[in-house]
Amino acid sequence: FFHAEDGIRDRSPSRGLGDVYKRQVCTDGNGDIVIGGFFDKYDGVSRNNIARVIGQSGRNDLSFDPGNGANDPVHTVNVYGGGKIFIGGSFDQFDGNGVTSVARLNADGSYDSLFNLPEQSGISSWTVYSSHVTQDNKVFVGGKFHAVDEGSSPKGSFVRLNDHGAVDPIYSTEKLPIDASVFAIAENSEGETLIVGDFPETYVKTTENIARINTETGHIDESFKIGVGANAEVKALIKLSDGNLLAGGEFTRINGVARSGLAKLSLNGDVLEFASRVEGGAIYSVAEQSDGKIIILSLIHISEPTRRTPI
């Protein structure tokens with residue numbers, strides 16, 4: 001846990017999220033935490049790759065029952081305003097129901113059959129790494145395509161799904177290469193969103209692995225100035241309660257500024273002061289709690305500078 005304002009580590013007792021490989025997390029409106037990843041148990045209870053954790057205790061929430069869960073890893077989780085949950089990953093079944101790497105769950109963890117990516121989408125196989133649910137219940141989804149049907153598939157692996165799970169045909173991201181990977185999505189401001197991941201510098205002119213796009217048209221916003229971007233993959237991105245952004249990944253520099261694995265950015269792309277550093281690993285997911293503390297998830301060693309009193 002870290003403090004959002006300065007990145008200094010919170011050394012209060014850990015709540016113990018358990019042994020979950022490459023976890024992805026989000027908080028719901030009740031202070032609990034929905035986690036996804038690659039696991040078959042949580043807190044001693046059978047949970048296949050998706051579970052809900054009681055925020056105050058870290059224990060498994062038994063009222064959330066996903067049945068047989070996902071048959072392969074869950075890479076992204078997001079909560080709708082009404083309590084339903086979007087999940088994405090590399091699975092093709094959820095609780096025995098055939099799906100194509102995405103599913104929507106009811107608040108109690110059961111499968112929502114009203115949400116389904118149809119065969120007509122043109123997406124035969126993909127891995128979903130990231131998602132963002134809008135206020136009108138549309139979902140921005142990012143990942144990497146493995147197999148698509150020529151002519152009917154989206155132009156790139158960042159798409160918008162409607163309330164029933166179909167690809168929105170009027171939304172098409174500008175010039176996103178078909179083999180690019182979108183690892184994280186964060187709403188920047190009304191009508192704009194940031195995407196981060198692994199895509200070539202030619203996509204965003206001068207910025208590597210970070211871009212801001214218009215949520216209605218898919219066009220790149222070239223006014224977002226973050227220089228040369230990140231020097232390695234950016235795997236996580238959230239908008240903080242103070243209005244700034246927090247990025248995590250494998251990078252050691254952003255826009256030429258030394259930032260090892262974690263970086264705080266302004267909405268305009270400025271690299272802000274943030275103390276914590278990551279050594280020997282990568283950040284796969286970040287989430288902010290209601291008290292302003294930050295949860296980061298990965299197998300890493302955390303170091304931080306000693307506080308010094310100015311002289």
Side-chain angles (χ1 to χ4, degrees), residues 17 20 22-37 47 49-53 55 61 64 66 69-70 73-91 94 99-112 114-117 126-143 157-168 171 181-188 190 192-197 213 215 234-241 245-248 283-290 294-297:
L17 290 177
V20 183
K22 287 190 179 180
R23 292 170 295 199
Q24 300 297 303
V25 302
C26 71
T27 55
D28 65 13
N30 300 316
D32 296 329
I33 303 167
V34 183
I35 61 172
R47 289 289 184 265
N49 303 321
I50 185 76
R52 187 165 65 199
V53 178
D61 182 355
F64 181 86
V74 173
H75 297 304
T76 181
V77 291
N78 247 292
V79 177
Y80 290 79
K84 292 190 176 186
I85 299 163
F86 174 88
I87 64 172
S90 54
F91 51 90
F94 188 88
V99 297
T100 309
S101 301
V102 295
R104 187 171 66 191
L105 314 183
N106 296 308
D108 62 2
S110 61
Y111 175 70
D112 182 359
L114 297 179
F115 184 93
N116 192 18
L117 182 68
W126 64 334
T127 298
V128 173
Y129 293 115
S130 55
S131 60
H132 172 69
V133 178
T134 66
Q135 292 184 348
D136 58 357
N137 290 333
K138 293 180 180 179
V139 186
F140 287 99
V141 179
S157 53
F158 179 70
V159 300
R160 185 170 67 187
L161 307 181
N162 65 25
D163 189 37
H164 298 292
V167 174
D168 186 345
Y171 185 85
S181 296
V182 177
F183 292 136
I185 307 165
E187 185 179 19
N188 190 351
E190 186 175 353
E192 293 179 327
T193 191
L194 285 169
I195 61 173
V196 298
I213 60 176
T215 55
V234 183
K235 295 182 177 292
L237 185 71
I238 60 170
K239 187 175 182 179
L240 298 169
S241 57
L245 303 163
L246 185 64
I283 300 295
Y284 289 97
S285 184
V286 293
E288 182 181 17
Q289 297 190 137
S290 58
I294 303 296
I295 305 169
I296 67 170
L297 301 176

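Computed from a predicted structure; not experimentally measured.
The distance from the OG atom of S110 to the CZ atom of F94 is 8.5 Å, given to the nearest 0.5 Å. To the nearest 0.5 Å, atoms CG (N106) and CG (L114) are separated by 8.5 Å. Between H75 atom NE2 and T127 atom OG1 the span is 5.5 Å, to the nearest 0.5 Å. One distance of note links CD1 of I195 with CD1 of I185; it measures 7.5 Å at 0.5 Å rounding. Here the CZ-CD1 distance, from R52 to I85, works out to 6.0 Å after rounding to the nearest 0.5 Å. To the nearest 0.5 angstrom, L161 atom CG is 10.5 Å from T134 atom OG1.
Annotation: cation-pi pair K235/F183 present, NZ/CZ under 6.0 Å from the ring centroid and within 45° of its normal.
The shortest non-hydrogen separation linking T76 to S131 is OG1-OG, 2.8 Å. The shortest heavy-atom contact between G143 and Y129 is CA-CD1, 3.7 Å. For the residue pair Y80 and F115, the shortest heavy atom distance occurs at OH-CE1, 3.9 Å. Of all the heavy atoms in K84 and D112, the pair that sits closest is NZ-OD2, 2.9 Å. Listed here is the closest heavy atom pair of S285 and A236: CA-CB, 3.9 Å.
A heavy-atom distance below 4.5 Å is not found between the side chains of I50 and F91. Looking at heavy atoms from C-beta onward, V34 lies out of side-chain contact with I87 at the 4.5 angstrom threshold. Contact annotation: the side chain of N78 never approaches that of V139 to less than 4.5 Å [non-hydrogen atoms, C-beta and beyond]. Inter-residue side-chain proximity for V133 and V79 is flagged as unmet; no heavy-atom pair is nearer than 4.5 Å. Side-chain atoms of D168 and N162, non-hydrogen and from C-beta on, never get closer than 4.5 Å to each other. Using a 4.5 Å heavy-atom threshold, the side chains of F64 and D32 count as separate.
F140 pairs by the ring-ring contact (aromatic ring centres under 6.0 Å, His included) definition with F158, Y171, not counting sequence neighbours. For S101, there are no side-chain hydrogen bond (donor to acceptor under 3.5 Å, both in side chains) partners two or more places apart in sequence or in a different chain. Legend: residues meeting side-chain hydrogen bond (donor to acceptor under 3.5 Å, both in side chains) with T100, ordered by chain and number and at least two apart, are absent.
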Q: Could you walk me through whether L117 and V167 pass side chain to side chain contact (heavy atoms under 4.5 Å, CB included), step by step?
A: CA-CA 7 Å; L117 182 68; V167 174; 3.8 Å; yes
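A salt bridge links D163 to R104: at least one charged side-chain nitrogen sits closer than 4.0 Å to a carboxylate oxygen.
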